[in-house]
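Beneath this line is the structure, given in structure tokens, with notes to follow.
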Amino acid sequence: MKNQEVADLLNKISALLELKGENRFKVIAYAEAARRIENLSTPIENLYREGKLNQIPGVGQSIAEKIKDFLETGKSAYLEELTREVPEELIELEKVPGVGPKVALLLFKELGIKNLGDLEKALSSNLLRNLPRLGPKSEENIKRGLETLKRRSARIPLGHALPLAEELVQFLKQFPFVKQVEACGSLRRMKETIGDLDILVASREEEKTMKAFTGWPEVQEVLAVGPTKSSVLTKSALQVDLRVVRPDSFGSALQYFTGSQAHNIKLREIAIKKGLKLNEYGVFRVEDDKKIAGETEEEVYSALDLPWIPPELREDQGEIERAKAGDLPALVELKDIKGDLHVHSDWSDGTSTIEEMVKQAKAMGYEYLAICDHAQSLGVAGGLTWEKFKEQGKIIQEISQREDFHVLWGLEANILAEGDLDFPEETLKKFQIVVAGVHSAFRQSKEKMTERIVKAIQKGVIHILSHPTGRLIEKRDPYEVDVESILKAAQKNRTSMEINSSPERLDLRDLDCRKAKEEYGIKMAINTDAHSRENLSLIKFGVAVARRGWLEKKDVLNTYSWDDLQGWLKKERD
DNA sequence: GCCGTTTTCGGCCCGACTGTTTTCAGTCG
């Protein structure tokens with residue numbers, strides 16, 4: 001998938017144009033095109049081949065030419081032309097908080113600074129304070145920026161950020177002058193990774209709030225404190241920004257602070273067309289500056305003649321247009337989930353017994369649970385032989401009766417290197433549910449990997465393809481695979497795609513979920529792949545992915561009642 | 001450079017904060 005490479009190229013061009021001091025709307029145009037391509041679920045090579053590059057919003061004649069050049073030659077003549085004027089390395093300098101395009105260029109021109117190493121040296125000799133429009137304070141600020149950059153963590157998985165955010169929200173709630181608290185930003189939109197935490201507080205006592213915040217025991221360093229916003233670094237090197245507004249602006253501030261930036265820009269453009277102005281304090285009539293909304297988010301959207309839009313959709317991916325048309329999806333909710341169709345037990349590599357898993361599922365209000373332990377070919381995970389599985393099946397039946405709960409006897413088969421499964425089809429058909437996925441030989445070529453998975457699906461015995469792309473967020477890239485071909489095969493064989501809820505996986509990802517639903521009508525199964533009873537609760541992260549993928553209740557297999565589920569499992573088999 | 005149920009030309013989100021200024025530019029989100 002070249003999409004990321006093309007997006008990187010356009011972002012680079014945008015940054016270089018900015019350094020050059022080009023028209024800022026041209027700069028924005030390249031960055032916007034990059035964002036659009038990053039969020040594309042179709043490989044850009046396909047669009048190029050079909051002559052459809054211009055159909056990507058934000059891509060016009062000129063940018064299409066640049067993309068073409070890159071796809072055909074593997075490099076970009078335009079980028080090379082730009083780098084003859086401005087060294088590409090300067091983009092790295094802008095990563096330092098406090099250094100933007102103007103300062104980066106100044107540092108280069110005046111002091112020959114091209115990279116972080118050069119900058120560090122210049123800082124230690126106090127060379128920056130004598131530059132035009134800089135002084136000792138700017139120098140100090142950049143020095144601190146460099147330190148922060150070194151220590152600040154990269155984007156972290158949502159699953160790690162969420163507990164920390166909840167802890168901070170609880171901490172702030174204990175203060176009487178704090179009227180409302182909410183975590184915003186990408187966390188509220190439930191993006192798979194989080195860059196920093198954005199916390200919004202409604203209070204009439206800003207100063208006290210700031211003091212309370214910077215006194216949070218997790219704070220390692222205070223980066224900035226102002227009357228309405230401040231930033232700190234936590235002990236885990238995560239940046240947290242706090243914003244305080246008056247209670248009558250809480251809704252508009254919530255809207256503003258949740259983003260995404262692209263979503264906000266679209267809303268503000270709509271406001272302008274209506275003779276209104278939208279900012280974090282409210283919606284105002286331009287003619288007399290009268291505030292017409294701001295206390296709640298619903299009110300803000302309503303002032304723009306829009307229904308409230310769920311945070312998970314706020315990515316400027318068509319949600320505003322659909323909202324305008326009154327056609328937003330009714331997103332699936334946690335309470336719709338009636339069971340988990342892929343969990344392990346201590347029969348293979350899980351740590352809880354079948355009984356413990358079942359009791360936990362019952363406590364969560366589920367109607368059913370599928371025990372899907374590994375099979376023999378996965379030795380490292382204690383995979384079971386057919387004999388063992390038969391034994392397990394009897395026990396599952398017993399527990400099911402004893403607990404008066406629907407426990408499905410299943411397995412997670414391994415899709416072997418050549419596309420075969422652990423057991424012959426006739427054996428697999430004896431299980432009530434067959435989940436299957438790739439667990440080895442990740443480094444095959446894209447063609448081989450695609451062929452392998454398609455072949456497995458075509459056997460017609462797989463109900464659910466587990467963690468379909470094999471990625472581990474921020475750790476292991478998805479294996480090279482043509483998702484379109486897999487979705488096509490899944491559609492034909494009526495195989496469900498898993499949304500694996502483990503915060504490390506979240507696989508299938510949001511964009512592909514939407515594609516699977518809209519272009520192929522495929523049902524998804526939101527599973528935890530839990531290896532312990534505690535991890536059954538991770539289902540909320542899978543639900544978040546489904547919501548970000550625009551899925552409704554009817555699109556999700558495990559929202560089915562027990563009867564409907566049984567029907568589906570049988571039908572898929574026939 | 002892109003885009004158009006007001007436009008093929010003239011727009012393109014909005015505000016906080018800081019430092020170096022003599023009224024604002026730069027950075028950030």
Side-chain angles (χ1 to χ4, degrees), chain A residues 10 13-14 17-36 53-67 78 93-107 128-142 144-145 148-149 184-186 195-200 206 210 223-231 239-245 249 252-253 255-284 286 304 316 320-321 324-325:
Chain A
L10 297 177
I13 291 174
S14 171
L17 289 172
E18 193 177 24
L19 281 163
K20 265 185 67 183
E22 263 280 5
N23 177 313
R24 69 187 184 98
F25 296 110
K26 188 168 164 180
V27 172
I28 290 169
Y30 274 92
E32 171 66 7
R35 187 186 72 85
R36 290 290 185 171
L53 286 179
N54 289 65
Q55 289 183 12
I56 304 168
V59 175
Q61 197 54 45
S62 180
I63 294 182
E65 289 295 330
K66 313 291 194 300
I67 298 173
Y78 187 53
L93 277 186
E94 292 185 49
K95 289 192 181 133
V96 177
V99 178
K102 302 291 178 195
V103 173
L105 197 67
L106 182 74
L107 294 177
L128 268 60
R129 60 180 59 185
N130 297 323
L131 295 176
R133 292 202 61 84
L134 291 185
K137 287 204 171 168
S138 303
E139 186 180 74
E140 188 53 35
N141 188 39
I142 291 170
R144 279 204 313 154
T148 305
L149 179 68
C184 304
S186 45
D196 59 14
L197 287 186
D198 299 306
I199 307 289
L200 176 67
E206 291 85 356
M210 290 307 173
L223 299 174
V225 189
T228 71
K229 58 193 252 195
S230 41
S231 300
Q239 183 168 330
V240 186
D241 298 331
L242 185 96
R243 184 77 196 251
V244 185
V245 295
S249 289
S252 43
Q255 196 288 311
Y256 150 77
F257 220 20
T258 298
S260 67
Q261 197 183 22
H263 177 89
N264 287 359
I265 290 173
K266 270 267 170 70
L267 284 193
R268 288 166 181 204
E269 283 169 354
I270 290 175
I272 292 170
K273 285 192 185 127
K274 292 183 185 295
L276 303 170
K277 185 178 73 170
L278 169 62
N279 59 30
E280 61 262 53
Y281 300 109
V283 182
F284 301 86
V286 172
L304 305 178
D316 186 24
I320 293 174
E321 291 76 6
K324 239 188 243 173

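Chain naming here is simple, since letters A, B, ... match the order of the sequence lines and numbering starts at 1 in each. Worth knowing before you read on, the calculation uses all heavy atoms, side chains too, and leaves out hydrogens, waters and symmetry mates. Quick caveat: nothing in here was measured; it's all calculated off a predicted structure.
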Under a 4.0 Å heavy-atom criterion, DNA chain B is touched by chain A from B/dG1 to B/dG29

Considering every strand and a 4.0 Å limit on heavy-atom distances, what is the contact class for A/Leu134: base, sugar-phosphate, or nothing?
sugar-phosphate

On a whole-Å scale, what distance lies between the P atoms belonging to B/dG26 and B/dT20?
14 Å

B/dA25 and B/dT21: how far apart are their P atoms, nearest whole angstrom?
13 Å

For A/Gln261, all residues meeting side-chain contact (heavy atoms from CB on, under 4.5 Å), sequence neighbours excluded
A/Ile265

Looking at every strand, decide which applies to A/Val27 at a 4.0 Å heavy-atom threshold: base, sugar-phosphate, or nothing.
nothing

Applying a 4.0 Å non-hydrogen cut-off, can you work out what A/Lys266 is touching in the nucleic acid: base, sugar-phosphate, or nothing?
nothing

Identify whether any heavy atom of A/Ile28 sits under 4.0 Å from a base atom; if not, whether one sits that close to sugar-phosphate; answer base, sugar-phosphate or nothing.
nothing

When rounded to the nearest Å, what value does the distance between C1' atoms of B/dG29 and B/dT22 take?
29 Å

Residues which pass side chain to side chain donor-acceptor pair (under 3.5 Å) with A/Glu65, listed by chain and number, not counting sequence neighbours:
A/Gln61

Which residues pass the side-chain contact (heavy atoms from CB on, under 4.5 Å) test with A/Ser230, sequence neighbours left out?
A/Met210, A/Phe213, A/Val225, A/Leu242

State which residues pass side-chain contact (heavy atoms from CB on, under 4.5 Å) with A/Asn141; sequence neighbours excluded, sorted by chain then number.
A/Arg144

Test of understanding: with side-chain contact (heavy atoms from CB on, under 4.5 Å), list the residues that count as partners of A/Ser138, not counting sequence neighbours.
A/Leu134

What nucleic acid atoms does A/Pro132 come within less than 4.0 Å of, heavy atoms only: base, sugar-phosphate, or nothing?
nothing

Whole-Å P distance, B/dC12 and B/dC17
25 Å

Is A/Arg24 touching bases, backbone alone, or none of the nucleic acid, heavy atoms closer than 4.0 Å?
nothing

Check every strand shown and say whether A/Gln261 touches a base, only sugar-phosphate, or nothing at a heavy-atom separation below 4.0 Å.
base

Which base, if any, makes a Watson-Crick or G-U wobble pair with B/dA16, both distances under 3.5 Å?
B/dT27

Looking across every strand, which nucleic acid part, if any, lies under 4.0 Å from A/Val96 by heavy atom: base, sugar-phosphate, or nothing?
sugar-phosphate

With a non-hydrogen cut-off below 4.0 angstrom, is A/Asn264 in contact with a base, only sugar-phosphate, or nothing?
nothing

With rounding to the closest Å, how many angstrom separate the P atoms on B/dC3 and B/dT8?
16 Å

